[in-house]
Amino acid sequence: MYRTLQQRLINHATQTVQELYGVTLERVAVEQPPTVLLGDFALPLAFELAKRLRKAPRAIAQELAPQLASMAGIADVQVAGAGYLNVRMDRAATVQRIAAGEHSDVGGEGFRLVEHTSINPNKAAHVGHLRNAILGDTFARLLRPDEYKTGWPTGVQNYIDNTGVQVADAVVGLVHLQGKSLADVHALLLQLAAEGGRIDYYLWDLYARVSQWYDEDPLQKEARRALRLQTLHELEGGENDTARMADLVATAVLSRHLETMNRLSIEYDFLPRESEVLLLHFWEAARQEMIARGVLYEETAGKNKGCWVMRRPGVEELADGDTDEDAKVLVRSNGTVTYVGKDIAYHLWKFGLLSGKDFGYRVFREYPKHSCWISAVNGEEPHPYFGTASAIFNVIDSRQNDPQSNVVEALRGMGYAEAADHYTHINYAMVALTPRCAMDLGYSLSDEDRQRPYLEVSGRKGFGVKADDLLDKLIAAAKGEVDARHPETPEAERIESATAIAIGALRFFMLKVTRNTIIAFDFRDALSFEGETGPYVQYAAVRAANILRKAGVTEESSIAALAAVDTSLFLEGGMEIATAGDDLWSMWLLLSRVSAVLEQAIAAAEPAILARYAFQLAQEFSNFYHRNHVLNETDADRKTLLLATAAVTRRELARVLDWLGIRVPAAM
RNA sequence: GCGCCCGUAGCUCAGCUGGAUAGAGCAACUGGCUUCGAACCAGUUGGCCGGAGGUUCGAAUCCUUCCGGGCGCACCA
């Protein structure tokens, strides 16, 4: 609603300036005045015009004001300060339109492919992985079609590096540290399942041990590294017991990861695996394509002699005889493909540019509303298609900025500018642990580490907070609060509320800071349910619902009742001191901004914008709640307005929280 | 050495494409539950927006430079 009016105002202002001064404005800035007393929109355009017209800004503003005021839906326009044009909306009319759900649509054409999570399937998920998955899942929710918006057709995939060094390390541990055979690993999985144990936790420790084992004996170091490499090659080749063991383990860990994410309502549509990228020869197709397009060539001299390399962007054609030492190696001199090479092939597939190549698909698991597919050499029919994206969004740690830009530049170099332009790396800073948190977890720290503001999480060192452990702690803490407040409620309902609160706390914790902020994780902050937290926002929504329940009305009925009421009397504003009408109006004005905020969050690929807005809504409602006692309101019309305020707030709060993946509990 | 990111209240962070007296939360202190349930609200204390130049009617925001911190720069994935 806010956005609709804003756009209309911009058009009207542009036209007015054109008519009055014959000046064409390219861009009209619209801001919100510092307080609602000054107005709902502020136009600083008189400042810009002052220079061009050689006239005082205030004088220009005076001339423009009456012209602008003629627009429908606008109550008045006033000149303030040095020349601001402050615009007031027709409050009563606007409130009716907001209540009716009028808003500008968000969405468009073209398949959006969001990729997130992508945890190496060789250990348990930790807090860093949670940030990735929560960011990606939330962004997908912003894009997807729903009752509010057209959205875009959206697919979510989780790339599984099941044949990489990390899985190889787990296999080395099982085989060479523990002497296990394929049958033994089978038995281990069965035993863990029977005992309620977990393979991802089991490997968390083993992986850390293996990483240490490689380097602990200087005499053995070389041999152990060779063993690691050999194991890796066996995985990549397939068709042997080492590869079978890796597949067994990686699939079991993957299932664990999906369970962990499922606790947070995070679901996937497709799980492409590296094993199929290899077995289906994606790279070979990409290689031929790249050679044909002159991006890839064999180096004949210099340090990269014998490799196939890619020219980096911005590097000029070299004179004959010169070698480009800075070129990126995609195929090593031993003939194997580098990570970036494989990634380029994979991304060509995403955009449907890999000349007819596609994965086979089979169903891996069922969610209540859809299936999750996994890559296969020989798939099932029929199946959905994912490699047809118009735009892709990769949620990956900022430390991968350079490799990611390599892939983009390869696409551009191949002439796929359209694809390169629609490749978004949703990067984010790491989650680290505060030294205090690390010590609480029982890690011993050096004096130097103790002084640092934060310590990087490392799966290789087994250093970090496991996702499920954190969730368990959060749920236990939330349960304690619920138990204390609602001892009479049945246990099952209390558990349900506690779970929703715990997940709300976690998701909000990860989403409230912007992507490039390093999160120094601490249990004290993460387990907080007060202040700028998910539970605070949930609580506001619950209280709004409670008002309606106690009043004996529904959300729909209280909104419908508003249509028959003239609210202008109750929304009247003051001149210098804010009135009750101003307070009420600012609640509605904030409510009107949903689609504007949503659009901004999508454009910036920044869910934090929406999370902060949710908090603002909750905070404004808490104010409203304390200033207005709805049930005791004696004026029938005003009571209708107050009930509608609670109803619309609940509606929009629930909507925004749903985009953030946070449920509103029945009671708190 | 090259590239990218960051430096805002005691702490953790917002601050949109430059706009009106820089905002939240936490912590500290004061006050508010017989109430639509206090996971809340009101108030107080707290900032030379790392330093210095510049652009502009106007800079936390843009440019230059310096200081301090982080990350990335493989024939590892």
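Note that the structure is predicted; figures quoted are calculated from it, not measured. Excluded from the calculations below are hydrogen atoms, water molecules and symmetry mates; all remaining heavy atoms, backbone and side chain alike, are included. Order of the sequence lines fixes the chain letters, A, B, ..., with proteins taken first and strands second; residue numbering starts at 1 for each chain.
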Base, sugar-phosphate, or nothing for Lys512(A), non-hydrogen atoms under 4.0 angstrom?
nothing
Write down the distance separating the C1' atoms in C16(B) and C57(B), rounded off to the nearest Å.
22 Å
When Asn162(A), Leu203(A), Asn122(A) are each screened for side-chain contact (heavy atoms from CB on, under 4.5 Å) with Val249(A), the one that passes is Leu203(A)
Assign Val630(A) to base, sugar-phosphate, or nothing according to its heavy-atom contacts below 4.0 angstrom with the strands shown.
base
Over all strands shown, is Asn120(A) touching base, sugar-phosphate only, or nothing at heavy-atom distances under 4.0 angstrom?
nothing
Remember a base hit wins even if backbone is also touched, and classify Ala42(A) as base, sugar-phosphate or nothing at under 4.0 Å, heavy atoms.
base
So what does Gln619(A) hit on the nucleic acid, given a heavy-atom distance under 4.0 Å: a base, only sugar-phosphate, or nothing?
sugar-phosphate
Rounded P spacing from A42(B) to C48(B) in Å:
26 Å
Look at all strands and tell whether Glu530(A) reaches a base, only sugar-phosphate, or nothing, counting heavy atoms closer than 4.0 Å.
sugar-phosphate
Please name all residues satisfying side chain to side chain donor-acceptor pair (under 3.5 Å) with Tyr428(A), sequence neighbours left out, ordered by chain then number.
Asn132(A)
So what does Tyr84(A) hit on the nucleic acid, given a heavy-atom distance under 4.0 Å: a base, only sugar-phosphate, or nothing?
base
Gln404(A) and Tyr423(A): side-chain donor and acceptor closer than 3.5 Å?
yes
Will you find, in the side chains of Arg549(A) and Asn546(A), an N or O donor that is under 3.5 Å from an N or O acceptor?
yes
What is the first contacted nucleotide of RNA chain B and what is the last, in 5' to 3' order, if contact means an atom lying under 4.0 angstrom from a heavy atom of chain A?
C5(B) to A77(B)
RNA chain B: 5'-proximal contact among Val340(A) and Ile547(A) (nearest heavy atom)
Ile547(A)
Does atom CD of Gln62(A) have more than 12 heavy-atom neighbours from other groups under 6.0 Å away?
yes
If the P atom of U55(B) is compared with that of A59(B), how far apart are they to the nearest Å?
12 Å
Name the nucleic acid region contacted by Ile501(A), choosing base, sugar-phosphate or nothing; use a 4.0 angstrom heavy-atom cut-off, strictly under.
base
Please figure out whether Gly164(A) or Thr517(A) has its closest RNA chain B nucleotide nearer the 5' end.
Thr517(A)
If you look at every strand shown and take non-hydrogen atoms under 4.0 Å, does Asp161(A) touch a base, only sugar-phosphate, or nothing?
sugar-phosphate
Check every strand shown and say whether Lys305(A) touches a base, only sugar-phosphate, or nothing at a heavy-atom separation below 4.0 Å.
base
What's Arg485(A) touching, base or sugar-phosphate or nothing? Going by heavy atoms closer than 4.0 Å.
base
Under 4.0 Å between any heavy atoms, over every strand shown, what does Tyr625(A) touch: base, sugar-phosphate, or nothing? Just pick one.
base
Residues Leu235(A) and Thr163(A): closest non-hydrogen pair is O-CG2, 3.9 Å
Looking only at atom C1', what distance separates C36(B) and C40(B), rounded to whole Å?
13 Å
Testing the 3.5 Å rule here: is there a donor-acceptor pair between the side chains of Arg3(A) and Ser104(A)?
yes
Over all strands shown, is Asn86(A) touching base, sugar-phosphate only, or nothing at heavy-atom distances under 4.0 angstrom?
base
